[in-house]
Amino acid sequence: MIGRLMNKLGGGTGALALCAAGVVTVAAPQPAYASDWGCQVVLCLATPGSPTKYAECVPPITKLWNALATGGGFPSCTGVGIKTKSAKHGYTMTVTQTDGTTSRYSLDTRYQTVTQQ
């Protein structure tokens, strides 16, 4: 199918157009999706500013604060390692992604704030 498209577009010009279309497709910002609560929490906590900056993050983060206030644990997210440790007024959380990069956060349950460390 790509070969027919290349023939139709005409050699070098077609190849250049196809490459340009590919670059535009890859470079365009894509929305992030999370299918379960744990992954939604990780995406929302990683949001610069406030974890409830976006309306889609309010329900999962509200559910997280309620779970932490009642002694529940952190949710899990497939493909991302989440390690939590109790702190004086909340938790510290380390998120390890599949590529090995880590992010650290401090969650203050008194004021329901998240600070990236």
Side-chain angles (χ1 to χ4, degrees):
M1 180 162 159
I2 292 176
R4 279 189 266 148
L5 180 63
M6 295 293 288
N7 287 336
K8 223 177 204 184
L9 292 174
T13 305
L16 183 60
L18 188 60
C19 287
V23 167
V24 168
T25 301
V26 172
Q30 300 294 319
Y33 295 102
S35 60
D36 62 11
W37 175 50
C39 294
Q40 291 170 356
V41 166
V42 170
L43 283 173
C44 294
L45 290 175
T47 301
S50 169
T52 55
K53 180 177 181 177
Y54 299 103
E56 295 83 3
C57 286
V58 173
I61 295 299
T62 300
K63 184 177 177 180
L64 173 67
W65 291 128
N66 290 335
L68 295 177
T70 59
F74 275 83
S76 61
C77 176
T78 304
V80 176
I82 303 173
K83 291 182 183 178
T84 58
K85 193 164 86 173
S86 291
K88 186 174 181 179
H89 296 291
Y91 297 87
T92 57
M93 181 176 78
T94 303
V95 178
T96 304
Q97 299 181 13
T98 53
D99 65 358
T101 59
T102 61
S103 300
R104 294 195 174 141
Y105 302 93
S106 175
L107 285 80
D108 188 324
T109 53
R110 297 172 303 169
Y111 305 112
Q112 296 184 347
T113 56
V114 178
T115 309
Q116 188 168 10
Q117 298 176 331

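Worth saying up front: this structure is predicted, and the values here are computed from it rather than measured. Worth knowing before you read on, the calculation uses all heavy atoms, side chains too, and leaves out hydrogens, waters and symmetry mates.
Considering all non-hydrogen atoms of both residues, V41 and P60 come closest at CG2-O, 3.9 Å. Taking all atoms of both residues into account, the shortest heavy-atom contact from T109 to G90 is OG1-CA, 3.8 Å. The two residues P51 and V114 have their closest heavy-atom pair at CG-CG2, 3.7 Å. Taking all atoms of both residues into account, the shortest heavy-atom contact from G73 to A67 is O-CB, 4.4 Å.
A distance below 6.0 Å separates the ring centres of Y91 and F74.
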Exercise for the section: Check the pair Q116, L45 against side-chain contact (heavy atoms from CB on, under 4.5 Å), reporting the backbone distance first and the verdict last. Expected result: CA-CA 9 Å; Q116 188 168 10; L45 290 175; over 6 Å; no
Exercise for the section: Tell me, with the steps shown, if T115 and Y105 meet side-chain contact (heavy atoms from CB on, under 4.5 Å). Expected result: CA-CA 5 Å; T115 309; Y105 302 93; over 6 Å; no
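Here M93 contributes atom CE and L107 contributes atom CG; the two are 5.5 Å apart, rounded to the nearest 0.5 Å. For the atom pair L68 CG and Q112 CD, the distance stands at 9.0 Å (nearest 0.5 Å). How far NZ of K88 is from CG of D108: 11.0 Å, rounded to the nearest 0.5 Å. We find the CZ-OG1 distance between R104 and T96 to be 8.0 Å, quoted to the nearest 0.5 Å. The NZ atom of K85 lies 11.5 Å from the OG atom of S106; values are rounded to the nearest 0.5 Å. Interatomic distance, OG1 of T94 versus CD1 of I82, reported as 10.5 Å (0.5 Å rounding).
Using a 4.5 Å heavy-atom threshold, the side chains of P75 and L64 count as touching.
Identified under the side-chain hydrogen bond (donor to acceptor under 3.5 Å, both in side chains) test for residues 62-75, with sequence neighbours left out: none.
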